[in-house]
Asker: 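Below is the structure I would like to discuss, written out as structure tokens.
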Amino acid sequence: MIMYSHTLEYAKVLDQHDELASYREEFYLPSGKIYMDGNSLGLLSQRAEKTLLELLDSWKVLGIDGWTEGAHPWFYLAEQLGERMAPLVGGKKTEVIATGSTTTNLHQLVATFYRPKGERTKILADELNFPSDIYALQSQIRLHGLDPEEHLIRVKSDDGLTLDETRIIKAMTDEVALIILPSVLYRSGQVLQMKALSKAANERGIIIGFDLSHSVGAIPHQLHEWGADFAFWCTYKHLNGGPGSVGGLFMNERHFGKEAGLAGWFGSDKSKQFDMEHTMTAASDAGAYQIGTPHVLNLAPLLGSLEMFEELGMEKIRAKSLELTQFMLNCIKAELSEYMFSIGNPVDSSRGGHLLLLHEEAARICQALKAEGVIPDFRAPDGIRLAPVALYNSFEDVWQTVQIIKKIMKEETYKDYPNERGIVA
Ligand SMILES: *Cc1c(COP(=O)(O)O)cnc(C)c1O
């Protein structure tokens, strides 16, 4: 088999033996297109659509009583979905809550944990982190009257693509109060060794939190066992919760009872919330870090979408994802060698759910791909992210995608487009 490992026949064999193949039928695949952008916005499934419509209906039929009645009483949704996301991140049921967005959860967690004192005044991050996370950290540092230039340390990358864990651990000095790192880097897809990083931070008495936006639903985690202090994520990428779906956060139970930096009434103990006291009785678990009224209609699709992750478990999803990206790497190597692409992601198992193909004409290649019906994801200045998603992409999709890239390069049709990005890229 290995000999033919980049052929259409081989793709078909892999699809026939794919235990997850039937899940593809559950999704609305854009017609006539090959969707390779599930790491930016996951697709709608019939189950997510169903639960969204059910909650819309509960509003229609029950009005205010929807908070406590119907199939999914809104008042408890954030906790229920937290419990259901807990296995995806390796947290206990009480350690996870569905709330906020990646960025607002980061603000909440930094506001809760960042207490610059004496020598320990700095936040340790990395120079490849997603801009929103960096903006949030800079603004939190300013709120303490400190200068982000001095108090935000960004660990350097040698190749501009990946990070070296030993270097990060070396940067965990006595000046560091808090560490924020990605689990999977949004460009190169590198999976950071969260276990080793958490251990090193724990040993030095530094609080460590991870941004799981690109890993939740793509790779398994054991946050509790690893000793991570907290984590936060979005649900519209690999979890297919829909545009702007509600995010999640993990709070290690050793911090239960710690006062939220940004308080609001939905962080209350639920039995006390409607006593309307001016002294807050906070929830005793991760629920304490909620702020205001949950965005019910943006939680609703998750009720259906998460079922698929529960049925399969992350091990199977990760195994297929690795096979898909390996097959894509084989095809790229066999078909595109003469076109000056390079692979930006780690090629071993420390790659996450997407690949990064680098080319100086990346922006126009992406436009040509879209015109040919392949939906990629451009990342400036020279990156093409391709995410074959275990739940809805086939091996044949992968084969087709690489064939279409080859055609664009061979016929040079990318030259019909300007080499610049669109507004949303
Ligand atoms: C997608 C993503 C975000 C987006 O943050 P939102 O608050 O959901 O807009 C932030 N950080 C990382 C690493 C991401 O991948």
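In listed order, ligands and their atoms are each counted from 1. FYI, side chains are in, hydrogens and waters are out, and symmetry mates aren't considered; it's all heavy atoms of this structure.
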Asker: For atom 9 (O) of ligand 1, what's the nearest protein heavy-atom neighbour? Residue, atom name and distance, please.
Answerer: Tyr236 OH, 3.5 Å
Asker: Walk me through whether Glu127 and Val155 qualify under side-chain contact (heavy atoms from CB on, under 4.5 Å).
Answerer: CA-CA 6 Å; Glu127 69 167 357; Val155 174; over 6 Å; no
Asker: Provide the number and element of each atom of ligand 1 under 4.0 Å from a heavy atom of Ser213.
Answerer: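 Counting atoms of ligand 1 from 1, those under 4.0 Å from Ser213 are 2 (C), 11 (N), 12 (C), 14 (C), 15 (O).
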Asker: Sequence neighbours left out, what passes salt bridge (charged side-chain N to carboxylate O under 4.0 Å, His left out) with Lys92? Give chain and number order.
Answerer: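 By the salt bridge (charged side-chain N to carboxylate O under 4.0 Å, His left out) rule, Lys92 matches Glu253.
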Asker: Got a sec, which residues hit salt bridge (charged side-chain N to carboxylate O under 4.0 Å, His left out) with Lys272, two or more places apart in sequence or on another chain?
Answerer: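 Residues passing salt bridge (charged side-chain N to carboxylate O under 4.0 Å, His left out) with Lys272: none at all.
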Asker: Is there a polar contact, in the sense of an N or O pair closer than 3.5 Å, between Thr104 and ligand 1?
Answerer: no
Asker: Is Asp229 salt-bridged to Arg254, going by a charged N under 4.0 Å from an acidic O?
Answerer: yes
Asker: For ligand 1, is any non-hydrogen atom under 4.0 Å from Asp211's backbone (N, CA, C, O), its side chain (CB onward), both, or neither?
Answerer: side chain
Asker: Would you say Ser132 and ligand 1 have an N/O pair spaced under 3.5 Å apart?
Answerer: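 The answer is no, given that Ser132 and ligand 1 share no N or O pair closer than 3.5 Å.
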Asker: Output the list of atoms in ligand 1 that are nearer than 4.0 Å to some heavy atom of Ser101, sorted by atom number.
Answerer: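 Here the atoms of ligand 1 in question are 7 (O).
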Asker: Under a 4.0 Å N-O cut-off, is there an ion pair linking Lys156 with Asp158?
Answerer: no
Asker: Between Lys50 and Glu26, is there a side-chain N and carboxylate O pair less than 4.0 Å apart?
Answerer: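 No, no charged N to carboxylate O under 4.0 Å.
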Asker: Flag the pair Asp397 and Arg24 as a salt bridge only when some basic side-chain nitrogen lies within less than 4.0 angstrom of an acidic carboxylate oxygen.
Answerer: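 Answer for the salt bridge query: yes.
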Asker: By number and element, which atoms of ligand 1 are closer than 4.0 Å to a non-hydrogen atom of His214?
Answerer: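 That gives atoms 15 (O) of ligand 1.
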Asker: Should the pair Lys406 and Tyr339 be classed as cation-pi, given the thresholds of under 6.0 Å to the six-membered ring centre and 45° from the axis?
Answerer: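 Judged by the rule, Lys406 and Tyr339 form no cation-pi pair.
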Asker: Is there a polar contact, in the sense of an N or O pair closer than 3.5 Å, between Lys237 and ligand 1?
Answerer: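 N/O-N/O distance under 3.5 Å: yes.
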Asker: Which residue holds the protein heavy atom closest to atom 3 (C) of ligand 1, what is that atom called, and what is the gap in Å?
Answerer: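 Looking at atom 3 (C) of ligand 1, the protein heavy atom closest to it is Phe130 CE2, 3.5 Å.
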Asker: Determine whether the side chain, the backbone, both or neither of Asp133 has a heavy atom under 4.0 Å from any heavy atom of ligand 1.
Answerer: side chain
Asker: To check your reading of the model: name the closest protein heavy atom to atom 7 (O) of ligand 1, its residue, and the distance in Å.
Answerer: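 For atom 7 (O) of ligand 1, the nearest protein heavy atom is Thr103 OG1, 2.6 Å.
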